[in-house]
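Scroll down for the structure; my scribbles are underneath it.
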Amino acid sequence: MLALLADLGLLALLGGLFGLDRRAAFQLMLSQPIVAVPALSLVFGHRPEAVWLGCVLQLLWMSAVLYGANTPPNETVGALTSAGIALLYGRHIGPVDDAVLALAVLLGAPTALLGRAADQRLDRAGLALAARADAAAQAGDLRALARVPLAGLLRVFGSHAALITVGTGLGLLVAWGLRAAIGQTLTTGLAALTRYVVPALGLGVTLAMVRRRRGLGLGVVFFVVLLVVLGELEPGALP
Amino acid sequence: MSQAPTQAASPAPRIGRWTLWRVFWRSFFFLAASNYERMQNVGFAYAMAPALGRLYQGEALKAAMARHLGFFNSHPYLAAAVLGASIRLEERVAAGELPPEMVVGLKRVAQGPLAAIGDSFFWSSLRPFAAVWTIGGLASGVFWAPLAFLALYNLFHIGLRAYGLWVGYRDAEGVLPKLQQFNLVKLADMGHFALGAFSGVLVALFADQARRSSLPLGDGIEPILMLALTLIFFLSIRRKMPTIGLLFGASLALLGYVLVLNGLFPLW
């Protein structure tokens with residue numbers, strides 16, 4: 001139990017740091033699922049599962065884009081919660097099979113919406129920070145102005161850390177209960193979800209971002225060409 | 001805030017290279033305290049602060065801080081060009097060569113077009129293209145592919161951020177035509193073609209993975225199924241159906257189908 005709590009604490013720290021990169025600081029794309037989720041596996045292990053999760057979660061949340069004042073679902077919260085559930089399940093409860101991966105995706109996805117609500121709340125709270133900056137300007141105090149973004153960063157860090165940790169903790173409980181309860185039929189159904197439905201949905205989301213019809217046509221051509229190539233390969237030629 | 005120059009024109013003071021580096025560092029925190037009313041105003045003023053501190057004191061400093069706390073909303077990377085240009089103009093305002101309204105006017109004019117270009121290039125083209133390229137690498141067993149993603153993306157991100165700031169500082173409003181020469185809109189278009197092509201590759205790779213997973217369907221049907229599902233989801237999303245709704249709807253439909261197939265829920 002203590003080991004699980006320690007892992008959750010570490011996840012909170014990492015989640016908060018990745019959350020900062022998403023919008024408030026740097027924006028180096030460390031917070032993207034394709035980077036953040038495999039990075040978590042450096043700490044929590046289960047690299048193949050983390051790589052698969054990073055890929056499909058990146059596709060699934062591809063359209064979460066920070067255009068202007070738009071507040072999309074928070075893909076970092078959603079992805080890291082899903083990854084936290086799967087990886088901590090593997091460390092503390094049992095093997096991470098396709099059914100657990102499906103449960104992790106399903107349980108983590110709603111937290112992206114909670115993350116959006118938290119982001120909107122933070123932007124509203126930002127009005128108070130702007131007022132503090134105005135007061136610093138009226139006083140001509142550059143140091144006071146410099147403290148305002150720091151307060152913003154702390155709020156963003158806390159929001160991400162809290163959401164990811166609580167989401168993962170609750171998700172782990174639910175995943176543990178469900179995985180123990182479901183039989184072979186639903187296990188097969190969840191595996192089909194993992195192998196077919198979730199990747200296909202992610203690919204659908206990604207294709208919908210293509211703004212040029214000829215780009216879609218190219219996609220079909222490349223699909224057919226690669227299919228022919230893969231058909232020529234020995235099974236297992238690719239990992 | 002909008003007072004006329006109060007001192008006789010004198011050679012414009014320069015903020016120095018070290019201050020420009022401090023501004024560059026602070027530009028990474030543009031969105032640290034964003035808000036719905038004036039958007040990125042706090043981040044902009046925070047980034048400008050080292051330069052303003054070198055140029056002004058007393059009431060002039062207060063006025064300068066206040067004019068950079070006005071509404072500002074642009075793309076966080078390309079906004080560095082506005083920062084650089086604003087610093088150059090502030091130097092001339094401090095020397096009495098220009099009225100402060102020039103700085104505010106430049107920000108007002110530049111923020112919109114730069115936001116549109118940055119959103120189009122970085123958010124809707126480079127990021128998805130680099131991501132699908134990386135996923136293709138990972139699916140083919142290249143485990144360092146995320147590092148390549150970071151390198152490719154940040155080559156453009158940090159490169160354009162630094163270029164914008166330094167050229168903005170050197171050329172003031174002349175930075176906008178300089179940025180246009182990169183033709184980012186055209187590059188964004190090309191990114192969409194590449195995104196479409198790589199997405200096709202990914203459909204085939206995921207179908208291949210499914211074929212070799214614990215759940216093969218046999219008879220080579222996996223690619224057809226994967227393509228069909230992808231197209232169904234693609235069309236649904238084009239019709240504005242939410243991703244999470246589709247995820248849960250498809251999951252319920254699939255699990256229900258599996259249960260019905262097994263008849264009378266024998267395992268529950």
Side-chain angles (χ1 to χ4, degrees), chain A residues 23-29 34-35 38 51 55 58 62 65 67 106 109 123 126-127 129-130 133-134 137 140 142 145 148-149 152-153 183-186 188-189 191-193 195-197 199-201 203-212 215-216 218-220 222-223 226-227 230 238-239, chain B residues 28-29 31-38 42 45-46 49 53 61-62 65-66 69 76 119 123 128 131 134-135 138 140-141 146 149 153-154 192-193 195-197 199-204 206 208 210 213 215 223 226 229-230 233-234 237-238 243-244 246-247 250-251 254-255 258-259 262 267:
Chain A
R23 196 171 77 139
F26 299 110
Q27 294 190 308
L28 299 174
M29 298 295 124
I34 192 70
V35 178
V51 165
C55 291
Q58 180 69 49
M62 193 71 91
V65 181
Y67 293 121
L106 290 173
D123 270 356
L127 291 175
L129 293 179
D134 288 338
L142 289 171
L145 177 65
V148 177
L153 292 177
Q184 188 55 41
T185 308
L186 279 176
T188 307
L193 204 63
R195 291 294 156 189
Y196 295 94
V197 175
L201 176 56
L203 289 163
V205 171
T206 304
L207 277 175
M209 291 194 74
V210 178
R211 302 268 167 82
R212 293 285 174 272
L216 294 172
L218 269 179
V220 174
F222 273 72
F223 168 75
L226 194 67
L227 218 54
L230 288 171
L238 290 177
Chain B
F28 285 97
F29 303 95
L31 292 161
S34 62
N35 59 83
Y36 280 136
E37 207 173 84
R38 284 174 283 165
V42 176
Y46 171 73
L61 175 63
K62 293 178 187 175
M65 287 170 75
L69 280 167
D119 285 350
W123 295 160
T134 305
I135 291 167
L138 280 172
S140 309
F149 168 80
Y153 187 87
N154 288 305
H192 281 287
F193 287 116
L195 176 62
S199 299
V201 170
L202 287 190
V203 177
F206 275 105
D208 187 60
S213 71
L215 201 70
M226 189 64 82
L229 281 172
T230 300
F233 287 130
F234 163 71
I237 288 160
R238 277 282 167 98
T243 306
I244 290 193
L246 284 169
L247 175 66
S251 303
L254 175 70
L255 295 178
V258 170
L259 286 172
N262 275 271
L267 297 171

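In what follows, chains are A, B, ... by sequence order, proteins preceding strands, each numbered from 1. In this text, all values refer to a predicted model and were calculated from it rather than measured experimentally. Any value given below was found using the heavy atoms of this structure, including those in side chains, with hydrogens, waters and symmetry copies removed.
Heavy-atom pairs under 4.5 Å with chain B were tallied for A:V35, A:V148, A:V51, A:L106; the largest tally goes to A:L106. Contacts with chain A were tallied for B:V258, B:L69, B:T230, B:L246; B:T230 has the most, counting heavy-atom pairs under 4.5 Å. Note: A:L201 leads A:V205, A:L153, A:L201 in heavy-atom pairs under 4.5 Å with chain B. Listed options B:G200, B:A33, B:P128 were ranked by heavy-atom pairs under 4.5 angstrom with chain A; first place goes to B:G200. Among A:A192, A:A137, A:G152, the residue making the largest number of heavy-atom pairs under 4.5 Å with chain B is A:A137. Considering only heavy-atom pairs separated by less than 4.5 Å from chain B, the leading option among A:L129, A:L203, A:L145 is A:L203. Chosen from A:T206, A:D134, A:V220, the residue pairing most often with chain B at heavy-atom distances under 4.5 Å is A:D134. Contact tally against chain B (heavy-atom pairs below 4.5 Å) for A:G215, A:A25, A:G126: the top residue is A:G215.
The distance from the CG atom of A:L28 to the CZ atom of B:F28 is 6.5 Å, given to the nearest 0.5 Å. We find the CZ-CD1 distance between B:F149 and B:I135 to be 9.0 Å, quoted to the nearest 0.5 Å. Between A:L193 atom CG and A:T188 atom OG1 the span is 12.0 Å, to the nearest 0.5 Å. Distance CG/A:L207 to CG/A:L216: 6.0 Å, rounded to 0.5 Å.
B:L61 touches chain A through its side chain: at least one heavy atom from C-beta onward sits under 4.5 Å away, while N, CA, C and O do not. For B:L202, the parts sitting under 4.5 Å from any heavy atom of chain A are the backbone and the side chain alike. With a threshold of 4.5 angstrom between heavy atoms, B:D119 approaches chain A through its backbone and through its side chain.
Of the possible donor and acceptor atoms, none in the side chain of A:R23 sits under 3.5 Å from a partner among the backbone N and O of B:L31.
Residue A:A133 comes nearest to B:V42 through the heavy atom pair CB-CG2, 4.0 Å, listed as atom of the first residue, atom of the second, then distance.
Side-chain contact between A:V210 and B:F234 is absent, with no heavy-atom pair separated by less than 4.5 Å.
Using cut-offs of 30° and 60° for the angle between ring planes, the B:Y46 and B:F29 rings count as perpendicular.
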